[in-house]
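To start, the structure itself, in structure tokens.
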Amino acid sequence: MSVSVSVQEQAFDVGAEYAGLRNGNWADGATAMFVGSVRDFNLDSAVSCMELEHYPGMTERVLQDIAEKAQRRWALGRVRVVHRVGRLGAGDDIVFVGTCAPHRQAALEACAFVMDFLKTRAPFWKKEKGPDGERWVEARQSDSDALEKW
Amino acid sequence: MSVSVSVQEQAFDVGAEYAGLRNGNWADGATAMFVGSVRDFNLDSAVSCMELEHYPGMTERVLQDIAEKAQRRWALGRVRVVHRVGRLGAGDDIVFVGTCAPHRQAALEACAFVMDFLKTRAPFWKKEKGPDGERWVEARQSDSDALEKW
Amino acid sequence: MIRVLFFASLREQLDCAELQVNPGECGTLAELREQLSGRGESWRRALADPSLQAALNREVASGEATLNSGDEVAFFPPVTGG
Amino acid sequence: MIRVLFFASLREQLDCAELQVNPGECGTLAELREQLSGRGESWRRALADPSLQAALNREVASGEATLNSGDEVAFFPPVTGG
């Protein structure tokens, strides 16, 4: 059982993150991963880049808490969360969540759980920049609603 | 919308599979992936290696059908399924399922859906080999039960 | 002719991966299965397993499926991939 | 002193990322918020937003939370990461 969290400006490598979850880990037969990326449009206006702000110190703590909550709820091995901050371009990866477990349902559900809480609890804010200017992304009701199933 | 299916003896590379799902794909902000690996024990008896048999011709068709069924049910971009056959050692990866979508719930649910149907419909059979000899893995009721939620 | 395939533990129990049957001898998948059961004790026992699945031309099929020359039939235990 | 942080759109509306307040001037998070609203029209308007969230020492906190010297308080809009 281990949790690893990173908040970083640099890009992450999905293959390397997967290798980190698996390395020497023969007890967990199931690994679920989620990657969120910058789309080239959002709500019909073109997005050419994005600035991701966060609350240093609180962010890491919240991500750690979410991962530990998932570990208490499911029989999980490793949990890894990586979230980028700073300037991101269209197509860039933003977030990686990886969960290992002996069984696939636990891994997949825990991965969805971590993403749902990250979306509504972790102090990150996105500002999109496109040809129409820049604007802060608004929180979506559907993200709050997604918590109800947990 | 595209589906890609491979049944192969050689190992797959999760980083390369992820790159294939993302390459030039800026419309899908969400990618969910699942990897199943050989555990070093199963039902309390040590497993040192495994032989994976399949039904060539039917396997590919079933995997394609499952992926297409997922695409009809959710708003998905690309779907990728890779399954290994032949001899595998403890810790080796067996199966990769990757799904892209504009939204995370669709990607994650479709990934779980493909795995649940793959487990109960795709003609693969595992024979485990360990110090206690070899034996065919028995199908699990929990895998059939998992289909009920779809 | 109809090509009949057996997989995994069933193949081992029968010690047979594949055989050909004359379509005249069997009208449906269920009739083919019954006919194969007559090949000996190990066949009778193995094919009596109610969990066995069958495919016709690479799609899962039920006992009522009608067989024709050129068809490919397969019998196999419940799948365990993934 | 109490350190007060503002993030994202709120920071821009206030044109202020951080300030220090004297703990004697506010007993609770709600009182601090009210006191800050008195700093001018843009403060009053921005802090009246009911969707704003607050954290005390890097944990989400409600208005009744009591403040002490050395505390770190933050106000921010609903989060939009991931």
Side-chain angles (χ1 to χ4, degrees), chain B residues 5 7 34-39 42-43 50-66 81-86 88 93-97 111-128 134-144 146-147, chain C residues 1-21 23 26 28-30 32-33 36 42-82:
Chain B
V5 165
V7 179
F34 178 85
V35 183
S37 314
V38 182
R39 288 201 279 167
N42 197 3
L43 300 173
M50 182 175 274
E51 192 79 31
L52 249 152
E53 179 173 336
H54 79 123
Y55 180 176
M58 180 167 172
T59 318
E60 294 82 354
R61 167 188 286 208
V62 171
L63 295 178
Q64 182 82 24
D65 284 351
I66 294 170
V81 182
V82 187
H83 202 295
R84 294 180 66 193
V85 292
L88 298 176
D93 294 337
I94 305 171
V95 60
F96 175 92
V97 172
C111 187
F113 174 95
V114 170
M115 274 307 302
D116 282 349
F117 278 86
L118 183 155
K119 279 286 216 183
T120 49
R121 299 278 197 265
F124 294 103
W125 301 274
K126 283 180 188 148
K127 187 188 234 179
E128 292 176 343
E134 55 178 55
R135 54 156 190 194
W136 291 95
V137 173
E138 301 228 343
R140 295 193 314 176
Q141 184 60 38
S142 61
D143 285 327
S144 304
L147 293 188
Chain C
M1 297 299 278
I2 293 171
R3 192 179 176 210
V4 188
L5 308 174
F6 307 97
F7 289 97
S9 56
L10 179 63
R11 174 176 46 69
E12 291 188 350
Q13 287 162 44
L14 302 177
D15 195 21
C16 176
E18 178 173 351
L19 52 76
Q20 304 269 341
V21 297
C26 51
T28 65
L29 206 48
L32 170 61
R33 187 165 169 169
L36 292 169
S42 64
W43 290 76
R44 193 193 58 72
R45 206 157 359 97
L47 291 169
D49 182 347
S51 76
L52 280 190
Q53 295 173 10
L56 173 57
N57 297 326
R58 305 180 175 182
E59 287 192 47
V60 168
S62 66
E64 305 91 69
T66 311
L67 304 182
N68 295 296
S69 190
D71 280 346
E72 179 177 296
V73 171
F75 293 99
F76 46 80
V79 305
T80 57

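By convention in this document, chain letters (A, B, ...) are assigned in the order of the sequence lines, proteins followed by strands, and residues within each chain are numbered from 1. Heavy atoms only: backbone and side chains are in, while hydrogens, waters and symmetry mates are out.
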Margin query: Could you report the tightest heavy-atom contact between B/Y55 and C/A55, atom names first, then the distance?
Written below: CE1-CB, 4.4 Å

Check: Stepwise, does the side-chain contact (heavy atoms from CB on, under 4.5 Å) test hold for B/M58 with C/F7?
Finding: CA-CA 12 Å; B/M58 180 167 172; C/F7 289 97; over 6 Å; no

Note to self: At a 4.5 Å cut-off on heavy atoms, which part of B/R84 comes close to chain C: side chain, backbone, both, or neither?
What the structure shows: neither

Check: In Å and rounded to the nearest 0.5 Å, what is the NZ to OG1 distance from B/K127 to C/T80?
Finding: 11.5 Å

Next item on the list: For residues B/A139 and C/V79, report the shortest heavy-atom separation together with the two atoms involved.
Entry: CB-O, 3.9 Å

Notebook entry, point to check: Within a reach of under 6.0 Å around CD of B/E138, are more than 12 heavy atoms found that belong to other residues, nucleotides or ligands?
Noted result: no

Notebook entry, point to check: Among B/F34, B/F124, B/W136, which has the most heavy-atom pairs under 4.5 Å with chain C?
Noted result: B/W136

Next item on the list: Can you tell which part of B/E51 gets under 4.5 Å to a heavy atom of chain C, answering side chain, backbone, both or neither?
Entry: neither

Item checked: Close side-chain approach of B/W125 and C/S9, heavy atoms under 4.5 Å -> no

